[in-house]
Amino acid sequence: MTTEKTISLEINGRFFQAREGMTILDVAKREGIPIPTLCYHEALESVGNCRLCMVEITHPDWKGWKGLVTSCLYPVEEGLQVTTDNKTIWNTRRTILDLLLARCPDSDVIQKLAAEYGVTVTSYRKNDVETKCILCGLCVRVCAAKGANAISSAGRGIEKMIARPFDQPPPDCIGCASCAHICPTGAIEYEDTPEVRKIWGHSFKMVKCESCGRPIMPEKQLEFEAEKSGLDPAYFKTCSVCSQRKSIDTIRSAFDMKAVGLGEPVEVAR
Amino acid sequence: MQKTLTITPSRCTSCRTCELACSFKHAGKGGLGIARIRTFMFGEGKNQILTCFQCDEAACVKVCPVEALSRNESTGAIEVNEARCIGCGLCSIACPFGHMNHDGTNGIAVKCDLCGGDEPACAAFCPSRALEYR
């Protein structure tokens, strides 16, 4: 057993125990205390881009000082007093959502979240460029987690954007579309046909299921996954439905071979 | 010693109670699409139940890019950490037996977790003891 230090802290007047190294958001999620987030994902590194998870913290030793921090990044401290919802926090989140709504007026996710904080029409000038991207960077982080590192954020300030290198189809993109699936606002578009997947300017040839012909994943992704996992590429060439059918067929033929031997264990070939 | 979910096909009547018990236990509602266990009828009392084998060297664990799948050492089952899962679907393609599924609503992986060490609902509800946890 490792001797992990236990830390006790206070959230909304209730006391909780936490392990050292946890963030305030980790504890709140565990205890079911709602904190809105857009750019957080448990499997990926937190970066505090969306700023929605702001909470107010103070400490008995801090002589009344209190401040707003992003709960996804702030590590728990002994005796910390956290408030997850009050007028200041509410106003901060409202401003953030007002700004996000100005950037992405057409995003239904932002519209819905902003409406929860009473913003139905943004008080800022609407973005001229049509986009749903809130620059949270989840796509960049998931791409790094996959090991592809194909996209990145580029530029600063109002020119910041999620970009392909030199605005060309990224050479490292494997076409897995994880970026599109994880995007909280659905800003990344891709097109699937039975033959190709079009994403980030690429047109990837799809591998089809050896049994049913359903497209499974791009050829480039298959090579990448087989090399990364060390598994035989054959593992990725059958869709899950056909794999199950294969298992059933194996059992069925075992049944057929011994017409009565139903009580004996059935060995399923790998 | 770890308990095992044992399947005795000769006792199975393909009543599908296990599928219902599983989906109610895990999703709180009935629905064969979300059940982690399946029964198949080959006619003439030839029935078979399929669920995750909890492989020693599991393909699903090897391919997961975010370590959302891990083995629970106390039960021996491979469990999905739903908060970590990014819904890429790689595990269900890689499983050579087709025992990984995905929740149709959010794409999160679903698989048998042996009910976390309690008696699995499928075994508890099986009326003919075709499924046993022992």
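Below, each value reflects all heavy atoms present in this structure, side chains not excepted, and no hydrogens, waters or symmetry copies. All chains are named by letter (A, B, ...) in the order of the sequence lines, taking the proteins before the strands, and each is independently numbered beginning at 1. Just so it is clear, the structure is predicted and the values come from calculations on it, not from any experiment.
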Novice: In terms of heavy-atom pairs under 4.5 Å, which option from A:Val142, A:Ile248, A:Leu44 contacts chain B the most?
Specialist: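 The answer is A:Ile248.
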Novice: What do you reckon, is CD of A:Glu219 surrounded by more than 12 foreign heavy atoms closer than 6.0 Å?
Specialist: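 Counting other residues, nucleotides and ligands, CD of A:Glu219 exceeds 12 neighbours.
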Novice: Distance check, rounded to the nearest 0.5 Å: A:Ser247 atom OG versus B:Phe53 atom CZ?
Specialist: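 Going from the OG atom of A:Ser247 to the CZ atom of B:Phe53 covers 6.0 Å.
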Novice: If you count heavy-atom pairs under 4.5 Å between each of B:Cys95, B:Gly87, B:Ser92, B:Ala83 and chain A, which one has the most?
Specialist: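 Among B:Cys95, B:Gly87, B:Ser92, B:Ala83, the one with the most close pairs to chain A is B:Ala83.
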Novice: Taking everything shown except B:Lys62 itself, do over 12 heavy atoms lie less than 6.0 Å from its NZ?
Specialist: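 Result for NZ/B:Lys62: enclosed.
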Novice: Should we say atom CD of A:Glu227 is surrounded by more than 12 heavy atoms from elsewhere, each under 6.0 Å from it?
Specialist: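 Check fails, neighbour count at 12 or below.
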Novice: Might you work through the side-chain contact (heavy atoms from CB on, under 4.5 Å) test for B:Val63 and A:Phe236, ending with a clear yes or no?
Specialist: CA-CA 10 Å; B:Val63 296; A:Phe236 304 98; 3.5 Å; yes
Novice: Test side-chain contact (heavy atoms from CB on, under 4.5 Å) on A:Glu225 and B:Ile93; report intermediate values, then the result.
Specialist: CA-CA 11 Å; A:Glu225 304 292 1; B:Ile93 293 166; over 6 Å; no
Novice: With a 4.5 angstrom heavy-atom cut-off, could you sort out which part of B:Ala68 is near chain A: side chain, backbone, both or neither?
Specialist: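 Neither part; nothing is under 4.5 Å.
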Novice: What's the spacing between B:Leu90 CG and A:Cys176 SG if we round to 0.5 Å?
Specialist: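 It is 9.0 Å, given to the nearest 0.5 Å.
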Novice: If you apply the rule side-chain contact (heavy atoms from CB on, under 4.5 Å), what do you find for B:Ile86 with A:His41, and how did you get there?
Specialist: CA-CA 9 Å; B:Ile86 57 171; A:His41 196 287; 3.6 Å; yes
Novice: Quick one: which of A:Ser240, A:Cys239, A:Gly147, A:Ala226 has the most heavy-atom pairs under 4.5 Å with chain B, could you say?
Specialist: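 With the most close heavy-atom pairs to chain B, the winner is A:Ser240.
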Novice: Please give me the minimum heavy-atom distance between B:His99 and A:Gln244, naming the atom from each residue.
Specialist: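 Looking at all heavy atoms of both residues, the closest pair is ND1-NE2, 4.4 Å.
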Novice: I'd like to know whether CZ of A:Arg245 has more than 12 heavy-atom contacts from other residues, nucleotides or ligands below 6.0 angstrom.
Specialist: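 At most 12 heavy atoms, drawn from other residues, nucleotides or ligands, come within 6.0 Å of this atom.
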Novice: When you look at CZ of B:Phe125, are more than 12 heavy atoms from neighbouring residues, nucleotides or ligands closer to it than 6.0 Å?
Specialist: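 Not more than 12 within 6.0 Å, no.
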Novice: Less than 4.5 Å apart, side chain to side chain, heavy atoms only: is that true for A:Lys246 and B:Pro96?
Specialist: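 No; the side chains remain at least 4.5 Å from each other.
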Novice: Does B:Glu67 have more than 12 heavy atoms from other residues, nucleotides or ligands lying within 6.0 Å of its CD?
Specialist: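 No - once you tally the heavy atoms of other residues, nucleotides and ligands closer than 6.0 Å, there are 12 at most.
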Novice: Could you tell me whether a side-chain N or O of A:Ser178 sits under 3.5 Å from a main-chain N or O of B:Cys88, the two making a donor and an acceptor?
Specialist: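 No; zero donor-acceptor contacts below 3.5 Å.
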Novice: Which pair of heavy atoms, one from A:Ser243 and one from B:Gly98, lies closest together, and at what distance?
Specialist: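 Taking every non-hydrogen atom into account, CB-N, 3.4 Å.
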Novice: In terms of heavy-atom proximity below 4.5 Å to chain B, should A:Ile182 be classed as side chain, backbone, both, or neither?
Specialist: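 Side chain only.
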Novice: Tell me, side chain or backbone of A:Lys146 under 4.5 Å from chain B's heavy atoms, or both, or neither?
Specialist: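 Both the backbone and the side chain of A:Lys146 come within 4.5 Å of chain B.
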Novice: Verify the neighbour count for atom CZ of A:Arg19: are there more than 12 heavy atoms of other residues, nucleotides or ligands below 6.0 Å?
Specialist: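 No.
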Novice: Report which part of B:Cys85 has an atom under 4.5 Å of a heavy atom belonging to chain A: side chain, backbone, both, or neither.
Specialist: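 For B:Cys85, the backbone is the part near chain A, not the side chain.
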